[in-house]
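Take a look at the structure below.
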Amino acid sequence: MNASDINIDKLNQLFENSDAGTVLHWTIKEYKQDLAMSTGFGVSGIVLMHHISLIDPRTNIFYLDTGLLFDETYKLIDQLEEQLGIHLTRVRTDVPLDEQARLYGEKLWETDPDTCCHIRKVLPLQRYLKDKKAWVTGIRRDQSASRRNTPVFQWNESNQVVKINPLAGWTEEEVWSYVKRHSLPYNELHERGYTSIGCFPCTRPAKQGGDLRSGRWAGTMKTECGLHRN
């Protein structure tokens, strides 16, 4: 499949004002096992996982285990699998942390965070999506300036898949309202000021008055891990 095989503009016209459940129903029916949803276990991902558990809990859902996730994140994985009746596939790099340190030096996330993200996140994602046709994410327009124009459907050139963002138009208030309304588990770090949670060496509580991702790679100019470059 390539970009010419699907009319992205038409899909956006059809689904821009649709609720997330409608988008996911169509997506799961259309792509079946050629579809995969990724999650970093933020509240958007939890909303999507709950929707998927009600539509078809056999849908492929995966996460990128960098080996540097918070303990609270690993705890949440178990809670989600048990409560939602889903299976979360762990996707990892083939470069262990000690090997990365030998090749690139200690604490690569401090000296060259782009390369660290590329090794531990971008390359494993590319490998996992190699045999997929569609990829669901929890990206929202209100998360940061770089995500402000995120469409519901887009062609992802780097991975050669249709990328679907069912919650593109949702707000932080709406996702939290959904999570609380359905009594869904969430990362307890949110209670400590972490509005966006990634790897523990590179994540801090959000800055006062900053956007939702202001605690990621704090003190650097980096704002994205590279997964969502088109």
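No hydrogens, no waters, no symmetry mates; every other heavy atom, side chains included, goes into these values.
- Of all heavy-atom pairs spanning Val175 and Ser44, the tightest one is CG1-OG, 4.0 Å.
- Both Trp176 and Leu80 sit in one connected hydrophobic cluster of ILVMFWY residues. Membership requires side-chain heavy atoms under 4.5 Å apart, directly or through other members.
- Each side chain to side chain donor-acceptor pair (under 3.5 Å) pair with one or both residues in residues 75-89, not counting sequence neighbours, appears once here: Lys75-Glu188.
- Between the side chain of Ser18 and the main chain of Val23, no donor-acceptor pair closer than 3.5 Å is present.
- Residues His118 and Leu123 meet the side-chain proximity criterion, which asks for heavy atoms closer than 4.5 Å.
- Atoms NZ and CD, from Lys107 and Gln100 in turn, are 13.5 Å apart once rounded to the nearest 0.5 Å.
- At least one donor-acceptor pair closer than 3.5 Å links the side chain of Thr93 to the backbone N or O of Ile119.
- Residues Gly198 and Phe70 come closest through the heavy atom pair O-CD1, 3.5 Å.
- Rounding to the nearest 0.5 Å gives a distance of 9.5 Å between CD of Gln143 and OG1 of Thr195.
- For Asn165 (side chain) and Ala168 (main-chain N/O), no donor-acceptor pair under 3.5 Å exists by modelled atom type.
- Here the closest heavy-atom approach between residue Leu167 and residue Arg140 is recorded as O-CG, 3.3 Å.
- In the hydrophobic cluster analysis, where Ile, Leu, Val, Met, Phe, Trp and Tyr join through side-chain heavy atoms closer than 4.5 angstrom, Val43 is grouped apart from Leu54.
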Original post:
Do Ile197 and Phe41 pass the side chain to side chain contact (heavy atoms under 4.5 Å, CB included) test, and can you show the C-alpha distance, the side-chain angles, and the key distance before you say yes or no?
Top reply: CA-CA 8 Å; Ile197 301 165; Phe41 303 104; over 6 Å; no

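- Side-chain contact between Phe200 and Asp71 is absent, with no heavy-atom pair separated by less than 4.5 Å.
- Atom CZ of Arg92 is surrounded by 12 or fewer heavy atoms from other residues, nucleotides or ligands within 6.0 Å.
- Looking only at distances, a side-chain donor or acceptor of Arg120 sits under 3.5 Å from a matching main-chain atom of Val95.
- Between the side chain of Asn12 and the backbone N or O of Phe153 there is at least one donor-acceptor pair closer than 3.5 Å.
- Side chains of Trp155 and Lys163 form no contact here, defined as non-hydrogen atoms less than 4.5 Å apart.
- For the atom pair CD of Gln33 and OG1 of Thr59, the computed distance is 7.0 Å after rounding to the nearest 0.5 Å.
- Proximity of Leu97 to Leu68: side-chain heavy atoms (C-beta onward) are separated by under 4.5 Å at one or more points.
- Here the CD1-CD1 distance, from Ile86 to Ile77, works out to 10.5 Å after rounding to the nearest 0.5 Å.
- Within a 6.0 Å sphere centred on OH of Tyr104, other residues, nucleotides and ligands contribute 12 heavy atoms or fewer.
- Using a 4.5 Å heavy-atom threshold, the side chains of Glu191 and Glu72 count as separate.
- Counting only heavy atoms from C-beta outward, the side chains of Ile46 and Leu76 approach each other to under 4.5 Å.
- Under a 3.5 Å cut-off, the side chain of Glu174 and the backbone N or O of Thr171 do form a donor-acceptor pair.
- Between Leu108 and Thr115 there is a side-chain heavy-atom pair separated by less than 4.5 Å.
- Applying the side chain to side chain donor-acceptor pair (under 3.5 Å) definition to pairs two or more places apart or across chains, those involving residues 21-30 are Asp19-Thr22.
- Within a 6.0 Å sphere centred on CZ of Arg148, heavy atoms belonging to other residues, nucleotides or ligands number 12 at most.
- In this structure the side chain of Asn187 reaches within 4.5 angstrom of the side chain of Thr73, judged on heavy atoms.
- Ring geometry for Tyr178 versus His51: interplanar angle under 30°, hence parallel rather than tilted (30 to 60°).
- Looking at Trp135 and Ser38, their side chains do bring a donor and an acceptor atom within 3.5 Å of each other.
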Original post:
Should Leu35 and Ile28 be marked as a side chain to side chain contact (heavy atoms under 4.5 Å, CB included) after you check the CA-CA gap, both sets of side-chain angles, and the distance that decides it?
Top reply: CA-CA 7 Å; Leu35 166 73; Ile28 292 169; 3.7 Å; yes

Subject >> Worked verdict on Met49 versus Leu88 for side chain to side chain contact (heavy atoms under 4.5 Å, CB included) >> reply: CA-CA 10 Å; Met49 283 185 271; Leu88 299 168; 3.7 Å; yes

Subject >> Stepwise side chain to side chain contact (heavy atoms under 4.5 Å, CB included) test for Arg90 and Tyr63 >> reply: CA-CA 5 Å; Arg90 180 171 65 172; Tyr63 65 99; 3.4 Å; yes

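- The shortest heavy-atom contact between Lys132 and Ala36 is CE-CB, 4.1 Å.
- For the residue pair Pro124 and Leu64, the shortest heavy atom distance occurs at CB-CD2, 4.1 Å.
- A donor-acceptor distance shorter than 3.5 angstrom exists from the side chain of Asp142 to the backbone of Glu172, with no hydrogens or angles considered.
- With rounding to the nearest 0.5 angstrom, the CG atom of Leu24 is 12.5 Å from the NE2 atom of His50.
- The minimum heavy-atom distance linking Gly138 with Leu48 is given by the pair CA-CD1, 3.6 Å.
- A distance of 9.5 Å separates CD in Glu106 from CG in Asp98, rounded to the nearest 0.5 Å.
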